[in-house]
Amino acid sequence: MEKEDIKGLSLPELTKVLETMSEKPFRAKQIYEWLHKKLVISFDEMTNISRPLREKLAQKYEIISITMVDKLVSKNDGTTKFLFRLGDGRVIESVLMKYKHGNSVCISSQVGCRMGCRFCASTLGGLERNLTASEMLSQVYEIQRISGERVSNIVVMGTGEPLDNYDNFLEFVHRISDENGLNISQRNITASTCGLVERIRQLAEKNLQITLAISLHAPNDTMRRELMPVANKYTIAEIMEACHYYYEKTGRRITFEYSLVKDSNDSEEAALELSRLLKGFNCHVNLIPVNPIKERNYRHSEEKYIQKFKLILERNGINVTIRRELGSDINAACGQLRKSYIDKEISEG
């Protein structure tokens with residue numbers, strides 16, 4: 001009989017399980033805290049739970065965890081990229097970034113991605129499957145266990161489109177912010193989407209306090225379609241309407257991510273057009289000098305164009321920063337480490 005992942009149960013669900021075992025409800029909270037606060041990976045570590053109960057749990061449930069198979073540490077800034085193996089043998093990436101304000105972890109939401117953004121290594125092999133909420137949690141938990149340091153911020157910007165894995169993503173947000181678990185504030189969680197309009201509107205109705213980041217990367221539909229196939233389904237106007245709706249419902253400022261690609265979307269005209277698009281909207285623009293990947297012909301913008309682009313936005317009253325380039329010496333672009341690992345396995349297999 002295949003065992004169920006106990007880490008996938010909410011506290012109310014776990015309480016019901018314990019009730020069927022004729023156990024008192026407080027036991028559920030103890031077990032939940034062992035899993036989501038103390039981050040144990042075996043029932044034997046639950047020292048205040050009786051052996052008979054641990055044995056009963058182990059008969060029906062297992063604590064599914066992920067296994068680190070590779071780790072790269074940047075000599076430049078200490079950024080650490082992890083390659084984790086899932087229970088089915090597939091691999092995913094996660095990243096630990098250290099800032100003065102605390103540790104930030106970037107996690108994946110899917111194995112692969114079907115969005116097809118042309119400057120991203122994550123999409124090269126397509127989508128294999130969604131990650132469960134438990135597998136998303138495990139990335140944060142394992143990095144905290146390995147580093148021995150508290151994680152304070154989470155960005156769901158690794159491999160995958162989180163809103164394409166909507167239900168599991170929602171469950172992850174509720175679980176990671178649960179006061180009985182790691183209790184990471186929803187305000188410290190950012191999710192990046194390429195603009196799935198219906199899902200943005202659905203998410204707005206949930207009234208979460210997370211930050212929504214839109215992977216925009218172009219000021220008009222023609223330019224965006226060259227970079228992002230999803231632009232063939234959703235226009236920028238539709239995305240902006242959804243963003244305004246999200247802001248009205250949640251009061252949370254929207255972030256727009258803009259990867260600067262040399263000779264593509266980094267011109268003065270593009271900056272002026274983006275300024276007109278966003279002017280007057282409570283938002284933040286995150287300029288990202290694109291990470292080159294060998295399978296694509298996109299190149300990093302020159303510094304003078306990056307700075308000029310930023311200046312034009314600022315002159316138009318738009319809040320803007322240039323993302324600090326982290327991990328440039330360790331396959332920093334999303335999906336690069338995973339793809340090189342898979343390619344190596346294929347060549348050796």
Side-chain angles (χ1 to χ4, degrees), residues 1-68 84 86-87 94 96 102-105 107 109 130-156 162 165-191 203 206-210:
M1 182 183 74
E2 189 174 337
K3 295 180 180 180
E4 188 177 350
D5 179 12
I6 195 169
K7 207 161 58 186
L9 299 177
S10 66
L11 182 54
E13 289 169 339
L14 191 55
T15 302
K16 287 181 181 177
V17 167
L18 270 292
E19 286 175 359
T20 64
M21 295 179 175
S22 301
E23 295 286 343
K24 294 181 178 179
F26 78 89
R27 291 293 181 202
K29 188 175 180 181
Q30 286 180 322
I31 294 166
Y32 190 89
E33 288 184 349
W34 278 113
L35 295 168
H36 299 284
K37 187 176 285 187
K38 298 174 184 175
L39 314 183
V40 302
I41 55 175
S42 75
F43 291 112
D44 289 339
E45 294 177 82
M46 300 179 181
T47 52
N48 62 350
I49 305 298
S50 70
R51 182 174 292 278
L53 176 54
R54 280 183 274 151
E55 290 173 350
K56 279 196 288 185
L57 289 169
Q59 287 173 7
K60 188 176 179 181
Y61 297 95
E62 61 181 330
I63 303 173
I64 292 180
S65 56
I66 58 179
T67 306
M68 186 182 76
F84 291 118
L86 304 172
S94 313
L96 170 64
N103 292 335
S104 183
V105 168
I107 68 166
S109 56
N130 287 329
L131 293 181
T132 65
S134 177
E135 289 169 331
M136 295 172 72
L137 290 167
S138 290
Q139 295 171 70
V140 181
Y141 294 178
E142 199 61 25
I143 287 174
Q144 189 159 304
R145 280 165 48 85
I146 292 168
S147 68
E149 298 179 21
R150 166 82 177 173
V151 170
S152 55
N153 294 271
I154 297 169
V155 287
V156 190
N165 186 16
Y166 184 75
D167 291 338
N168 286 322
F169 167 70
L170 275 187
E171 189 179 337
F172 163 78
V173 171
H174 288 303
R175 201 68 55 80
I176 201 74
S177 59
D178 189 333
E179 63 181 6
N180 297 297
L182 284 189
N183 195 23
I184 293 175
S185 170
Q186 288 186 8
R187 289 176 174 269
N188 291 353
I189 301 171
T190 299
L203 192 63
K206 298 297 180 182
N207 200 28
L208 300 175
Q209 289 299 295
I210 66 172

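A quick note: this is a predicted structure, and the numbers were derived from the prediction, not measured. Residue numbers start at 1 and run along the sequence shown. When reading the values below, keep in mind they use all heavy atoms of this one structure, side chains included, and skip hydrogens, waters and symmetry mates.
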Participant: Is it the case that the side chain of Q209 and the backbone of Q186 share a donor-acceptor pair, with hydrogens and angles ignored and the cut-off at 3.5 Å?
Facilitator: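 Such a contact is absent between Q209 side chain and Q186 backbone.
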Participant: Do E142 and R145 sit within salt-bridge range, that is, some charged N less than 4.0 Å from a carboxylate O?
Facilitator: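 Result for this pair is yes, salt bridge flagged.
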Participant: Going by atom types only, do N165 and S109 share a side-chain donor-acceptor pair under 3.5 Å?
Facilitator: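 There is no such pair (donor and acceptor under 3.5 Å, judged by atom type) between the side chains of N165 and S109.
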Participant: A side-chain contact here means heavy atoms from C-beta on lying under 4.5 Å apart; do L131 and F172 qualify?
Facilitator: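 The answer is no, as the side chains (C-beta and beyond) never meet within the 4.5 Å cut-off.
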Participant: Report yes or no: does N188 contribute a side-chain atom to a donor-acceptor pair with the main-chain N or O of S152 at less than 3.5 Å?
Facilitator: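 Yes.
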Participant: Flag the pair Q30 / I49 as yes when at least one side-chain heavy-atom distance between them is below 4.5 Å, and no otherwise.
Facilitator: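 They are in side-chain contact.
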Participant: Distance check, rounded to the nearest 0.5 Å: M21 atom CE versus L57 atom CG?
Facilitator: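 Answer rounded to 0.5 Å: 4.5 Å.
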Participant: Using every non-hydrogen atom in the two residues, find where T15 and P25 come nearest and quote the distance to one decimal.
Facilitator: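 Shortest heavy-atom contact: CG2-CB, 4.1 Å.
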Participant: Could you give the side-chain donor-acceptor pairs of residues 33-41 under 3.5 Å, partners two or more places apart or in another chain?
Facilitator:
from : atom 1 : to   : atom 2 : distance (Å)
W34  : NE1    : N48  : OD1    : 2.6
H36  : ND1    : Y141 : OH     : 2.7

Participant: Is the backbone of L11 close enough, under 3.5 Å, to the side chain of K29 for a donor and an acceptor to pair up by distance?
Facilitator: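 Checked: no pair found.
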Participant: Within the 4.5 Å heavy-atom criterion, are L53 and L18 side-chain neighbours or not?
Facilitator: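 Yes. Closest side-chain heavy atoms under 4.5 Å.
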Participant: Treating K60 as the side-chain partner and E4 as the backbone partner, does any N or O pair qualify as donor plus acceptor under 3.5 Å?
Facilitator: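 No, the answer is negative, given that no donor and acceptor are paired below the 3.5 Å cut-off.
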Participant: For the residue pair L203 and I210, establish whether any side-chain heavy-atom pair is separated by less than 4.5 Å.
Facilitator: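 Sidechains of I210 and L203: in contact.
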Participant: Within the side chain of R150, is there an N or O that forms a donor-acceptor pair under 3.5 Å with the backbone of L182?
Facilitator: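 Confirmed, R150 side chain pairs with L182 backbone.
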Participant: Check whether any side-chain heavy atom of N153 sits under 4.5 Å from a side-chain heavy atom of T190, and report yes or no.
Facilitator: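 No, their side chains stay 4.5 Å or more apart.
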Participant: So do the side chains of I189 and L208 get within less than 4.5 Å of each other, counting heavy atoms only?
Facilitator: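 With C-beta onward as the side chain, the pair stays apart.
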Participant: Are any of the side-chain heavy atoms of I64 and K7 separated by less than 4.5 Å?
Facilitator: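 Not touching, per the 4.5 Å side-chain cut-off.
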Participant: Looking at every heavy atom in both M136 and I107, which two are closest together, and how far apart are they?
Facilitator: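 In terms of heavy atoms, the two residues are closest at O-CD1, 3.9 Å.
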Participant: Considering only heavy atoms from C-beta outward, does the side chain of I143 approach that of F84 to under 4.5 Å?
Facilitator: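 Side chain of I143 against side chain of F84, heavy atoms only: contact under 4.5 Å found.
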Participant: Counting N and O atoms only, with roles assigned by atom type, does the side chain of R175 sit under 3.5 Å from a partner on the main chain of L9, one being a donor and the other an acceptor?
Facilitator: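 At least one qualifying donor-acceptor pair exists.
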